[in-house]
Engineer: 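Please read through the structure below; I'll follow up with questions.
Below, all heavy atoms of this structure are taken into account, side chains as well, without hydrogens, waters or symmetry copies. Because the structure is a prediction, the values reported are computed rather than measured.
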Amino acid sequence: MSFKFFFILIISMLFLTSCSVKKYKNLDYLAPQVKEAPAPTLNIFAKRKKANTLQPVLIFVYGGNWNSGKKETYNYVGRNFARHDVILVMPDYTKSPKANYEDMTKQIAQSIKWTKENIEAYGGDPNQIFITGHSAGAHLGALAVMNPSYKVDINTVKGILLNDAAGLDMYSYLLENQPTAQDDYIATWTEHPENWKAASPYYFIDKDTPKMKIYTGTKSYRSIINGNERFVKKLNEYQPDVSMEYLEKKHAAMVVQLFFPWNKRIDEMVQFMKK
């Protein structure tokens, strides 16, 4: 098969996938609660032809080291999950240095609450909401659900899927690597250790933590691998059947794989949601 033929085949597959899915753009889930203009919005991806029954819902939070990224980059992720009969919700959020981790997490928490209240109108089941994210997005999604200060009702999110999650224990990491202006880390985390612990999902693992599925790349950053391994070890006190699912990939490749339709990872994640 020539490269040209392969390229045309991939583009055709993506086009056909896109045609079967409807994207609801820039839905307001925050204003007037934030002063930023314009306020972050969210996108929803669903099949054009609505199913006869409500579909499970997946909230996808993208990463970017807490200071970069935009939801429009991940359109194919939304469309691929929608093709698998999942309603995918993709919130944007304010990045550092305009916002710190707490501001970002509050916004993600609000996107969860908005989804619970509104998703049925788009064909989603408000009683089957899951959340996933890559890197910083995985951190924000997990923290919004697990730290009770963000007031996400304990029964709202049925499961958390972590994809090469960063920042699961920022307290331990920042004690050894004090935050600096590089990568806007002082703006993101502050210089106060009590905030670093409040920012870390690791310290909120308990019996009420939703069921989890956790992927980590074997070629990812060592801090991410170590953080995930510690997280799983503690999680096993409450969820002994959860194990780390290692993939032979680098950090960025862990999310890039979701851009391609009909891949094994999406199948696994959907199966986790529907079982």
Engineer: If you measure from CG on Leu168 to CZ on Phe231, what distance do you get to the nearest 0.5 Å?
Structural biologist: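 Between Leu168 CG and Phe231 CZ, I get 5.5 Å after rounding to 0.5 Å.
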Engineer: Are Tyr221 and Val256 connected into the same hydrophobic cluster when the rule is that any two of I, L, V, M, F, W, Y join if their side-chain heavy atoms are below 4.5 Å apart?
Structural biologist: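 Cluster IDs for Val256 and Tyr221 differ.
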Engineer: Answer yes or no for Lys234 and Tyr202: cation-pi contact, defined as NZ/CZ to six-membered ring centre under 6.0 Å and angle to ring axis within 45°.
Structural biologist: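 The answer is yes; both the distance and angle limits are met.
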Engineer: Determine whether a donor-acceptor pair (N or O, by modelled atom type, separation under 3.5 Å) exists between the side chain of Asn195 and the backbone of Trp189.
Structural biologist: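 Here the side-chain-to-backbone pair does not exist.
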Engineer: Please evaluate residues Met254 and Leu247 with respect to the criterion side-chain contact (heavy atoms from CB on, under 4.5 Å), reporting the C-alpha separation (whole Å), side-chain torsions for both, the decisive distance (0.1 Å), and the verdict.
Structural biologist: CA-CA 8 Å; Met254 291 291 288; Leu247 304 178; 3.8 Å; yes
Engineer: Shortest non-hydrogen contact from Pro97 to Asp184?
Structural biologist: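 Taking Pro97 first and Asp184 second, the nearest heavy atoms are CD-OD2, 3.7 Å.
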Engineer: Would you compute the distance between atom CD of Glu191 and atom OG1 of Thr180 and round it to the nearest 0.5 angstrom?
Structural biologist: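 So the CD of Glu191 and the OG1 of Thr180 are separated by 9.5 Å.
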Engineer: Just checking, is any N or O donor in the side chain of Lys71 or Asn26 under 3.5 Å from an acceptor N or O on the other one?
Structural biologist: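 Yes.
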Engineer: Taking the six-membered ring for Trp, are Tyr76 and Phe260 ring centroids under 6.0 Å apart?
Structural biologist: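 Tyr76 vs Phe260: aromatic centres not under 6.0 Å.
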Engineer: For a quick test of reading the model, state the closest non-hydrogen atom pair linking Ser223 to Tyr173 and the distance between them.
Structural biologist: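 Between these two residues, the closest heavy atoms are CB-CE1, 4.0 Å.
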Engineer: Between CD1 of Ile129 and CE of Met273, what distance do you get to the nearest 0.5 Å?
Structural biologist: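 The CD1 atom of Ile129 sits 10.0 Å away from the CE atom of Met273.
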Engineer: With a 4.5 Å cut-off on side-chain heavy-atom distances among I, L, V, M, F, W and Y, is there a chain of contacts connecting Ile224 to Val232?
Structural biologist: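 The answer is no; the residues belong to distinct hydrophobic clusters.
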Engineer: Under 3.5 Å, side chain of Ser135 to main-chain N/O of Gly137, donor-acceptor pair present?
Structural biologist: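 It does not hold such a pair.
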Engineer: Do you know which of Ile119, Asp125, Thr115 makes side chain to side chain contact (heavy atoms under 4.5 Å, CB included) with Ile87?
Structural biologist: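 By the side chain to side chain contact (heavy atoms under 4.5 Å, CB included) criterion, Ile87 pairs with just one of Ile119, Asp125, Thr115: Ile119.
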Engineer: Before giving the answer on side-chain contact (heavy atoms from CB on, under 4.5 Å), spell out for Tyr122 and Leu27 the whole-Å C-alpha distance, their side-chain angles and the decisive distance to 0.1 Å.
Structural biologist: CA-CA 12 Å; Tyr122 300 90; Leu27 302 176; 3.5 Å; yes
Engineer: Is the shortest side-chain heavy-atom distance between Asn147 and Tyr203 below 4.5 Å?
Structural biologist: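 Asn147 vs Tyr203: side chains apart.
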Engineer: Taking atom types as modelled, is there a side-chain donor on Tyr215 or Glu268 under 3.5 Å from an acceptor on the other?
Structural biologist: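 Looking only at side-chain atoms, Glu268 and Tyr215 do form a donor-acceptor pair, the distance falling under 3.5 Å.
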Engineer: Is there a side-chain contact between Leu143 and His139 (heavy atoms, below 4.5 Å)?
Structural biologist: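 They are in side-chain contact.
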Engineer: We want to know whether Ser20 and Lys49 form a side-chain donor-acceptor pair, criterion being a heavy-atom distance below 3.5 angstrom.
Structural biologist: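 No pair is found: no donor N or O on one side chain lies under 3.5 Å from an acceptor on the other.
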Engineer: In Å, rounded to the nearest 0.5 Å, how long is the span from NZ of Lys70 to NZ of Lys95?
Structural biologist: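 Between Lys70 NZ and Lys95 NZ, I get 10.0 Å after rounding to 0.5 Å.
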Engineer: Answer with yes or no whether the hydrophobic clustering places Ile225 together with Tyr171; edges join I, L, V, M, F, W, Y residues whose side-chain heavy atoms lie under 4.5 Å apart.
Structural biologist: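 Per the 4.5 Å side-chain linkage, Ile225 and Tyr171 are not co-clustered.
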Engineer: Would the Tyr93 and Tyr62 ring centres measure less than 6.0 Å apart?
Structural biologist: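 Close enough - the centres of the two rings lie under 6.0 Å apart.
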Engineer: Compare all side-chain heavy atoms of Trp66 with those of Met104 and state whether any distance is below 4.5 angstrom.
Structural biologist: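 Sidechains of Met104 and Trp66: in contact.
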Engineer: Is it the case that the side chain of Gln107 and the backbone of Pro40 share a donor-acceptor pair, with hydrogens and angles ignored and the cut-off at 3.5 Å?
Structural biologist: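 Side chain of Gln107 to backbone of Pro40, a donor-acceptor pair under 3.5 Å: no, none is there.
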Engineer: Evaluate the side-chain proximity of Val21 to Arg48: yes if any heavy-atom separation is below 4.5 Å, no if none is.
Structural biologist: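 When only atoms from C-beta onward are counted, Val21 and Arg48 do not touch, as no gap falls below 4.5 Å.
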Engineer: Does the Lys158 side chain pair with the main chain of Asn155, one donor and one acceptor, at a distance under 3.5 Å?
Structural biologist: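 Yes: the side chain of Lys158 pairs with the backbone of Asn155.
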Engineer: Is the closest side-chain heavy-atom distance between Val255 and Asp164 below 4.5 Å?
Structural biologist: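 No, every pair of side-chain atoms sits at 4.5 Å or beyond.
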Engineer: Side-chain donor-acceptor pair under 3.5 Å between Asp92 and Tyr29, yes or no?
Structural biologist: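 Tyr29 and Asp92 do not have a side-chain donor-acceptor pair below 3.5 Å.
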Engineer: Tell me if the CD atom of Glu194 is crowded by more than 12 foreign heavy atoms within 6.0 Å.
Structural biologist: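 Buried by this count: over 12 neighbours within 6.0 Å.
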Engineer: Any idea which heavy atoms bring Ala109 and Val152 closest together, and the distance?
Structural biologist: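 It is CB-CG2, 3.8 Å.
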Engineer: With no hydrogens and no angle check, is any side-chain donor or acceptor of Asn80 less than 3.5 Å from a backbone partner on Phe259?
Structural biologist: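 Yes, the answer is positive, given that a donor and an acceptor are paired below the 3.5 Å cut-off.
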Engineer: Quick one: closest heavy-atom pair of Trp196 and Thr190, and the distance?
Structural biologist: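 Smallest heavy-atom distance, with atoms named: NE1-O, 3.0 Å.
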Engineer: Side chains of Glu245 and Thr216 only: does a donor on one sit below 3.5 Å from an acceptor on the other?
Structural biologist: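 Absent: no donor and acceptor within the cut-off.
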Engineer: Over all heavy atoms of both residues, which pair between Pro148 and Met146 is shortest? Give the atoms and the distance, please.
Structural biologist: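 Closest pair (atom of Pro148, atom of Met146, distance): CD-O, 3.2 Å.
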Engineer: I need the Met90 CE to Lys25 NZ distance, nearest 0.5 Å.
Structural biologist: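 These two atoms lie 14.0 Å from each other.
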Engineer: From the options Ile112, Ile131, Asn127, select the one residue that forms a side chain to side chain contact (heavy atoms under 4.5 Å, CB included) with Thr156.
Structural biologist: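 By the side chain to side chain contact (heavy atoms under 4.5 Å, CB included) criterion, Thr156 pairs with just one of Ile112, Ile131, Asn127: Ile112.
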Engineer: Step by step, work out the side-chain contact (heavy atoms from CB on, under 4.5 Å) result for Ile160 and Val145.
Structural biologist: CA-CA 9 Å; Ile160 302 173; Val145 175; 4.0 Å; yes
Engineer: Side-chain heavy atoms nearer than 4.5 Å, only ILVMFWY residues, links allowed to pass through others: does that put Leu161 and Met244 together?
Structural biologist: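 Yes, same cluster.
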Engineer: Are the side chain of Gln178 and the backbone N or O of Leu174 linked by a donor-acceptor pair below 3.5 Å?
Structural biologist: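 Pair found, side chain donor or acceptor close to backbone of Leu174.
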Engineer: Judged by atom type as modelled, is there a donor-acceptor pair below 3.5 Å linking the side chain of Asn100 to the main-chain atoms of Asp103?
Structural biologist: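 Indeed, once roles are kept as given, a pair shorter than 3.5 Å links the two residues.
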Engineer: Locate the shortest heavy-atom distance separating Lys47 from Arg83; write the atom from each residue and the value.
Structural biologist: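 Where Lys47 meets Arg83 most closely, the heavy atoms are CE-O, 3.3 Å.
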Engineer: Distance under 6.0 Å and angle within 45° of the ring axis: does Lys213 meet both against Phe130?
Structural biologist: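 Relative to the ring axis of Phe130, which defines the angle, Lys213 lies outside at least one limit.
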Engineer: Is Leu88 linked to Leu54 within one hydrophobic cluster, defined over Ile, Leu, Val, Met, Phe, Trp and Tyr using a side-chain heavy-atom separation of less than 4.5 Å?
Structural biologist: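 No, Leu88 and Leu54 fall in different hydrophobic clusters.
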Engineer: Is the side chain of Ser220 donor-acceptor paired with the backbone N or O of Gly217 at a distance under 3.5 Å, no angle test?
Structural biologist: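 No; zero donor-acceptor contacts below 3.5 Å.
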Engineer: May I ask you to decide if Arg265's main-chain N or O and Asn263's side chain share a donor-acceptor pair within less than 3.5 Å?
Structural biologist: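 It does hold such a pair.
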Engineer: Step through it carefully: locate the ring centre of Phe60, locate the ring centre of Tyr74, and say whether they are under 6.0 Å apart.
Structural biologist: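 Yes, ring centres under 6.0 Å apart.
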Engineer: Side chains of Gln128 and Val57: does their closest heavy-atom pair fall under 4.5 Å?
Structural biologist: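 No. Closest side-chain heavy atoms not under 4.5 Å.
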Engineer: Can you confirm whether Asn43 sits close enough to Tyr24 that some side-chain heavy atom of one is under 4.5 Å from a side-chain heavy atom of the other?
Structural biologist: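 No, their side chains stay 4.5 Å or more apart.
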Engineer: Distance-only, no hydrogens or angles: does the Asp241 side chain make a donor-acceptor pair with backbone N or O of Ser243 under 3.5 Å?
Structural biologist: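 Flag not set: sc Asp241 to bb Ser243 has no pair under 3.5 Å.
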Engineer: Within the structure provided, determine whether Leu235 and Thr209 are in side-chain contact (heavy-atom separation under 4.5 Å).
Structural biologist: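 Contact flag for Leu235/Thr209 side chains = yes.
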Engineer: Arg230 and Asn226: side-chain donor and acceptor closer than 3.5 Å?
Structural biologist: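 On atom types as modelled, these side chains do not qualify, holding no pair under 3.5 Å.
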